[in-house]
Amino acid sequence: MSQGTGTGDGGRGPERVTMARALNLGLRAAMEREPKVLVMGEDIGALGGVFRVTEGLAKDFGEERVVDTPLAEAGIVGTAIGLAMRGYRPVCEIQFDGFVFPAYDQIVTQLAKMTHRSRGTLTMPVVIRIPYGGGIGAVEHHSESPEALFAHHTGLRCVSPSNAVDAYWMIQQAIASPDPVIFFEPKRHYWDKAELDPSAEPYPLHRARVVRPGTDVTVVAHGPTVPLALRAADAAAEEGRSLEVVDLRSISPLDLAPVEESVRRTGRCVVAHEAPVFLGLGAEVAARVSERCFYSLEAPVLRVGGFSVPYPAARLEEEYLPDADRLLEAVDRVLDT
Amino acid sequence: MSQGTGTGDGGRGPERVTMARALNLGLRAAMEREPKVLVMGEDIGALGGVFRVTEGLAKDFGEERVVDTPLAEAGIVGTAIGLAMRGYRPVCEIQFDGFVFPAYDQIVTQLAKMTHRSRGTLTMPVVIRIPYGGGIGAVEHHSESPEALFAHHTGLRCVSPSNAVDAYWMIQQAIASPDPVIFFEPKRHYWDKAELDPSAEPYPLHRARVVRPGTDVTVVAHGPTVPLALRAADAAAEEGRSLEVVDLRSISPLDLAPVEESVRRTGRCVVAHEAPVFLGLGAEVAARVSERCFYSLEAPVLRVGGFSVPYPAARLEEEYLPDADRLLEAVDRVLDT
Amino acid sequence: MTSSTGRTATASTPSAAGGAPAAAGPMHVVQMLTPDGRRVDHEEDPALAAHAATLTAEDLRGMYRDMALARRVDVEATALQRQGELGLWASLLGQEAAQVGSARATLPQDRLFPTYREHAVAMVRGVDPAHVLSLFRGVDRGGWDVEATGVSPYALVIGSQTLHATGYAMGVQRDGAVGTGDPARDACVLAYFGDGASSQGDVNEAFVFATAYQAPVVFVCQNNQWAISVPAERQTRVPIAQRASGFGFPGVRVDGNDVVACYAVVRAAAERARAGEGPTLVEAFTYRMGAHTTSDDPGRYRPSVEVEQWRARDPLTRLEAHLRRDHGADDAFFADVAREGDTAASRLRRAVLEMPDPEPGSMFDHAYAAEHPQVEEERAWYAAYLAGLDGEEGRTA
Amino acid sequence: MTSSTGRTATASTPSAAGGAPAAAGPMHVVQMLTPDGRRVDHEEDPALAAHAATLTAEDLRGMYRDMALARRVDVEATALQRQGELGLWASLLGQEAAQVGSARATLPQDRLFPTYREHAVAMVRGVDPAHVLSLFRGVDRGGWDVEATGVSPYALVIGSQTLHATGYAMGVQRDGAVGTGDPARDACVLAYFGDGASSQGDVNEAFVFATAYQAPVVFVCQNNQWAISVPAERQTRVPIAQRASGFGFPGVRVDGNDVVACYAVVRAAAERARAGEGPTLVEAFTYRMGAHTTSDDPGRYRPSVEVEQWRARDPLTRLEAHLRRDHGADDAFFADVAREGDTAASRLRRAVLEMPDPEPGSMFDHAYAAEHPQVEEERAWYAAYLAGLDGEEGRTA
Ligand SMILES: Cc1ncc(C[n+]2csc(CCOP(=O)(O)OP(=O)(O)O)c2C)c(N)n1
Ligand SMILES: Cc1ncc(C[n+]2csc(CCOP(=O)(O)OP(=O)(O)O)c2C)c(N)n1
Ligand SMILES: [Mg+2]
Ligand SMILES: [Mg+2]
C-alpha cells in the first residue's frame, strides 16, 4: 500500500478539492484502512474511470484490489456478492446511471435480500457507485436519475452527496456499512470544489441536514438539486422570500425529521429532484409530509422534477431538468395559496 | 386457426369463468382477430403456462405463434422488441413477478424508449404479462408487487385487472395498444370467477372505476387489493361506515379523476396495495390527492401496504400483506381525525 | 453409452427453423459404471481413472448410503407436501449420483452454490434436511449454517448463483488459497445449475468472469433434460459441456447417473481449480425422474415412456449392482441402509411437524444487518397494532 | 497473417490467475488482401473465394469510395466536436473495411442493427451522415428513416441490439422470408457488436435464441481490441469467433482490415441465413485507431506503438495498393474520391451548423405512440409555464 499512513486521511490538511477528487481520497482512505476493500468496474484501472474517480488506485493498490472487469454489469454485481460472501467489501462502479439496469436483477433479488435470506449470517457490505443526473449534454442513458427504483426495495440503503465534503465522508461510511449501499454521485458536480478537512468529524450517513435556514418555504432536495435549491434561495432572498433548504443526503432510509420540523414552522414545502415526478422520491416525501404535517401545511406540498417523458436529447435537457425558475414558480404557488 | 368465428368472442354467450380462463379467452380472441399477435415465454406451450393461462393455445395456434422460449427473460423481451420492429405484436409471459428483473434492462432502456428514440416511427405493441402479488404461500420471488418500478418509467403503460371480466377486456385492449403495456395479473385471484359476457361493451383501458359507492371514506385499490377493499367495505358497512371503493385498473397513466371527485365528497382517503408502502404507488396517489384535494381533506391520506422488509417466508405472509383489518384500522384513523 | 446422448442426437428441429443443427457432433461421455453395474476403465484420461481408483469399497458404500438417504428424504418430503405440511417440494429423484458424486469430490474448505434441487449435495455436506424443508414449509429461506457446511443458501432466481460462486472464487484467489500446494488450504467453489439455466445471461457472464480471472470454480450443470416443460434442446442444440470451449475453458460431459464417474470428473476439475488452473464446466447428463416440483404435472408435456427408459438407468440400482457384484455388499447391507433411511425420514417428519411457526413480527428481523429507522418504526407500529387487535377476532374474519 | 492474431497470442495473464489460457490455440483468419494489397485466394472455402470473385473492379472502387467517404466524414465529425458543434463523437477510424465489407454484403430487404460506431454501415445503406450527427449534436436520437434504409437506431446500451436483431430475424422467419430461394424475398439480419459487448448476458442470450430457432441473423463482432480502456483479453482468452461453437453454430474470424475478406465472409453468412440455415458469428479482427470517443484519452491506457503497428495495416491503404496494382486505379481516381469526400464533408458541416434546435416542448412528442393524458397534462402545463416566463430573463439568470 503506497499511502503509508494508514490513518485514512493520508495526513492531509484542509484542501480545496473537487467532488471527483474527494471521492478518490475517500476510496483511498477506506482502502488503506481495510485491506478487504476492493474497487471493481469497467475502465476503473489504468483509465481511472471515465470520471477519473478511481484515478491512480490501480497503480497504488494493484490490480487484485482495483479490478478492471469484463463489460457486464450483472457480472460485476454478481461477483461482488460472491466476494462479499468471502469477506471482501467490494465497491462497484457503474459507468453511467443508464447502465445499471443489466445489474438490476442481481441488485434487487440478490444483493438486497441475501442478509434476510440467510437470517443475518451473510452480510453484504457492497457499495454500488452510480454517477447520476443530467446537465452534461450527454447522449442517451447518460443523464438519468434512477434512485426511486432502488429506494423502493428493502435491503438496500441509498444515499447521495451534494458536495465534495459529504462525498468524501459518505463514501467511507457507505463502505463501512454492513448493508449494501447504492451511492448516487451527481455527475454534473464532479468538478465543483469545496474545502475538505479530513480531520473533521463526519456527519452521520443517514441524516438529512438543513443547509440553509429560512422561514417561508421548506425546500427539500438531494444530490444535484441541492446546489440548485441554494441558487433559488439566493434569488428568492433578493425578492424578500426566505427559503429553508434541506439536503436529504440519505434517500433510504429517509430522514424526514428536519423536514417535518421545518414544515411545522414554514407551513409550506416544495420537493425537487431530477427524476420524473411520477413516482419519484418526491412522491414519498410529499405523501409523508402531507400526512405528518397535516395541520401545519398552509398549502399543498408541490413537487418539481423531470417530466413524464424519456430523458430528452441534449439540446432539450435544459427544458427537461428542473431549474431555479421552475423551483421558484412552485415556491410562488405555495406562497400564493 | 381453430376457433373459426374470428369475431373475438368465439360466439360465446355469458359464462361464469375464472380470471385465468378469461385471460385465455382474451388472448384467443386477440390471436384470432390479428395474426400478428404472438404469445411467448417459458413453459407457455405444451404446459399452458404454470397458471394455465395459455392452455391450449399452442395446439390451436401452432408453435410459430405460441413460442416456448429458452429460459432467459432478457432474451424473451429483447426478441419481442425485435419482433415488434418487424410488425408483430408479442405478448410475453413472465413466469412470476420476481423473475421479471433479468428483463428489466430491456424493458426500461429499450422497450420503453424505442418509440421516442425513433421519433415515433417504430412502435412497440408489446404486452408483458406478470402474475404478481402474494397470498399463495409460495417460496421466495413468487409473491411480489413490482408495479411502481415500471410505472416510474415513461414509455410504458401499466395496468392491472382485479376481476375476470376486466381481465378479459383489458388483455385485449393491452394487445391492441400501440404502446408497451405491463400487464399485472393478481395471481391469487386467478381462480376467482365472474360472469363474462363477451358481447358487452368494454370499459376504457386506462380508466379507474368506482366499484362500490360510499360516503365516508374513499378507498383506492388496484389488482388484489380491490377484493380486499370490497370485503373491508362490507365489514365497515356493518359498523355503519360507508366506504367508496375505487379500482384504479390503470397504474400508468393513473386516472385519479374518480378518486378526486370522491375525496371531494368524503374528505378522507386510504390507499391500499401489496407492494411496500415506501415509494409504492400509494405515494403517488397520496401526493396527488393531497395536492389536488387539499381543501377537501379532513384527514391525511393514509397508505396501507407491505412493510419495508423483503417479502417474508410463506408462514409470515399473512402478517406482511395488508388485510381487511389493517385497512379498517386506517379507515378508523382517518375517521377519528 | 449411446443411450445418454440419444436425446440430443434425435433433437427435433423447431419448425420455424431451417437447417440442421450446426457443429452438433457427438461428444464423449465419461462413464465408469455401466447401467448394469460393471466397472469400466476410462482410458482417455488417466487422471480420471486414478481418481476413481482411490474409491475404496467403504467409499462406494458410503456413496450408496448418501444416495439412498437422499432419495428416502426426498420421498418423505414429497409425502409431507401432499399432506399439506410443505408448501412445495422440488424432487431430486434420478439426480442422486450427480449430486453425491460431485459433493463427495469437495473438501471441507470448498464452497458450494446450489439451486433449489441440490438436497443430496446439502446432505453430503452435513446440512440437516430439516433445515432444507423449513424453506419449503415456508418457515424461513433455509436454516442451515452456511459457514459450517460450506453450502450457500438455495438460489431460486435461475442462474444468479453462478456469479456469486465466481465472485467467491475470486475471493479465494485473493486470500491466496489456490495453487499453494497445501491440501488443507487450497480451495475451490462448485456452482450448480440446470440445463435451462444455461440460457441465462448470468450464467454466461459467470463463464466470462471465471475465465477472465482463471477463478477456481467448477461449474456443475445437471442436465436433467427438462426445464419444467421445456426440453434441453430448446436451450441448446449441442452438449452443454461444449459451451465452455467457446469461452476458452474445458468442458466435460459425464454420465450423471454414474456416481463414480461424477466423482472422478468433478474431483479432477476441483483439483485443477484448487491448483490455480482455472474453471471447468462439468455437464452431468442425467434425467429428472419426477415432476419439476409438486406443483407440476409432467403428463402434460412429456411421454411416460421416456421416464420408463430412464428408470433402467437408475443411479441407485446401478451402484447397488456394482456393490453386489464387486464389493460383496449383501442384502443385509441394503436392508441396513433402508432402515437408516426410514429412521432419517421419520426423524425428518417429526422435525417438520414440530417446526414452530415464525414469531409474529420476526419478518422485521434481518431486513438489514445494521439498525434501520424505518424498519424499526414499522416494527413498532406493527407491534402496537397487534396489541390493539389483541383478543379481537378480526373484523372481517 | 500472424499479425492480426498477435495480440491474442501474447495476451498477458491477469495476476490473480493461475494457469495458462485453456484451449486457446490459434484460429484461422480469413484474409484475401495482404496488408500490401496483394490479392490472395482463400482455398479452404471455395464459396468464400467465389463471393470474392464476384467483386468487379467497379465494386472494389465503390468500396474504396465508401471507406474513404466514411473516413472523411469521421474526420469532419471529430473536427465539429472539437469546435463544440457536437457533444460527442465516436470515431470509426480503422474499422472502415469491416463496416463497408459487411454492409455491402447485405440486400435491400435485410435489416441491420448497429451500435454507436457503425457510421460507414449507415452510409453504405443510404443514411445521410447528417442524420447520424444529429444524435451526437444532441438534437435527437438519430434522424434517419429506419424502414427506408434498413438501419435500426443506434444502440447505446451495450449488447441490447443483438436480441432485437434476433427477434427481428424470428419475424423474418414467420413472414416466410427465408429459404424460399427467391433472392428478392429471402432476408437476413446483421447484428453488430464489439469485443467488449461479447461479455454481456444479452449477447449470449441472443446466441441462445438465434440457435434455438435457427434465426436468419449474422452476428458481426468488430473486435477492435479495446472496450474503452479494457483490452479484449479481459473479455476472452480465445478468439471471439470461437464463442459460436459453444452455442452450436459456426464462427469465422476474418481480417477486419481486409474489405474483400469481410465482404466474402459476411456474404456467405448472410446467404446461409437467408437460406434458412441459421446464424453465423463473424469476428472481424480489427483495431480502433482513435480514441473510444472524443471524451476519451487513450494515452492513459495503451502504448502508441501499438497504434503505429496497426497503421501499417490501414484498410484504406491496403485497398488503394490493391486497386493501383491490379485494377489500374490512378492518382486521378484517388483525387476524385478525395474531392468527393471534401464536398461531402463541407455539405455535412453546413447541415450540422444549420440544424435547428428542437422546438421547445418537443420533448413531449413521441413519448408514447397513442395519446397519454399525463404527458398531455404536463405538455400543457409546460406551455403555460413558458408563456408565463415570456420575455422574462429567468430570475436566477
Ligand atoms: C430467472 C428465473 N426465471 C424463471 C424461473 C422459474 N423457474 C423455476 S425452475 C425453472 C426451470 C429450471 O430448469 P433447469 O435450469 O433445467 O433446472 P431444473 O429445474 O431442471 O433442475 C423455471 C423456469 C426462475 N426461478 N428464475
Ligand atoms: C450496458 C453498458 N455498459 C456500459 C456502457 C459504457 N460503454 C460505452 S462503450 C463501452 C465499451 C464498448 O466496447 P466494445 O463493445 O468493444 O465496442 P467499441 O466501443 O470498441 O466499438 C462502454 C463500457 C454502455 N454503453 N452500456
Ligand atoms: Mg433441468
Ligand atoms: Mg471494442
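All chains are named by letter (A, B, ...) in the order of the sequence lines, taking the proteins before the strands, and each is independently numbered beginning at 1. Below, all heavy atoms of this structure are taken into account, side chains as well, without hydrogens, waters or symmetry copies.
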Chain B contacts, top residue of [options] (heavy-atom pairs, under 4.5 Å):
| options | value |
| --- | --- |
| D/Pro153, D/Ala370, D/Pro373 | D/Ala370 |
| D/Arg141, D/Glu205, D/Arg111 | D/Glu205 |
| D/Val157, D/Thr162, D/Asn204 | D/Val157 |
| D/Val172, D/Leu156, D/Leu135 | D/Val172 |

Between B/Lys36 and D/Asp175, is the closest basic N to carboxylate O distance under 4.0 Å?
yes
Can you tell me how far apart [atom1] ([X]) and [atom2] ([Y]) are? Round to the nearest 0.5 Å.
| X | Y | atom1 | atom2 | result |
| --- | --- | --- | --- | --- |
| B/Met114 | D/His366 | CE | NE2 | 15.0 Å |
| D/Gln173 | B/Glu64 | CD | CD | 7.0 Å |
| B/Thr121 | D/Asp145 | OG1 | CG | 7.0 Å |
| B/Met85 | D/His164 | CE | NE2 | 6.0 Å |
| B/Arg117 | D/Asp140 | CZ | CG | 12.5 Å |
| D/Tyr368 | B/Ser177 | OH | OG | 9.5 Å |

Considering all heavy atoms, the nearest [X]-[Y] contact:
| X | Y | answer |
| --- | --- | --- |
| D/Leu163 | B/Gly75 | CD2-CA, 3.6 Å |
| D/Ala177 | B/Arg86 | CB-NH2, 4.1 Å |
| D/Val208 | B/Pro70 | CG1-CB, 3.6 Å |
| D/His372 | B/Pro253 | NE2-CD, 3.4 Å |
| D/Met170 | B/Leu83 | C-CD2, 3.9 Å |

What part of [X] gets closer than 4.5 Å to chain D, counting heavy atoms only: side chain, backbone, both or neither?
| X | answer |
| --- | --- |
| B/Thr115 | both |
| B/Asp255 | neither |
| B/Ala72 | both |
| B/Leu122 | side chain |

**Request:** Evaluate side-chain contact (heavy atoms from CB on, under 4.5 Å) for D/Arg174 paired with B/Val67, printing each intermediate quantity in order.
**Result:** CA-CA 12 Å; D/Arg174 281 167 177 72; B/Val67 188; 3.6 Å; yes
Interface check, chain D: of B/Gly155, B/Pro178, B/Gly120, most non-hydrogen pairs under 4.5 Å belong to B/Gly155
One option among B/Leu38, B/Thr123, B/Thr69 has the most heavy-atom pairs under 4.5 Å with chain D, and it is B/Thr69
Please evaluate residues B/Ile81 and D/Tyr168 with respect to the criterion side-chain contact (heavy atoms from CB on, under 4.5 Å), reporting the C-alpha separation (whole Å), side-chain torsions for both, the decisive distance (0.1 Å), and the verdict. CA-CA 8 Å; B/Ile81 291 170; D/Tyr168 191 91; over 6 Å; no
Note to self: Is it the case that over 12 heavy atoms from other parts of the model lie below 6.0 angstrom from the CZ atom of B/Arg207?
What the structure shows: no
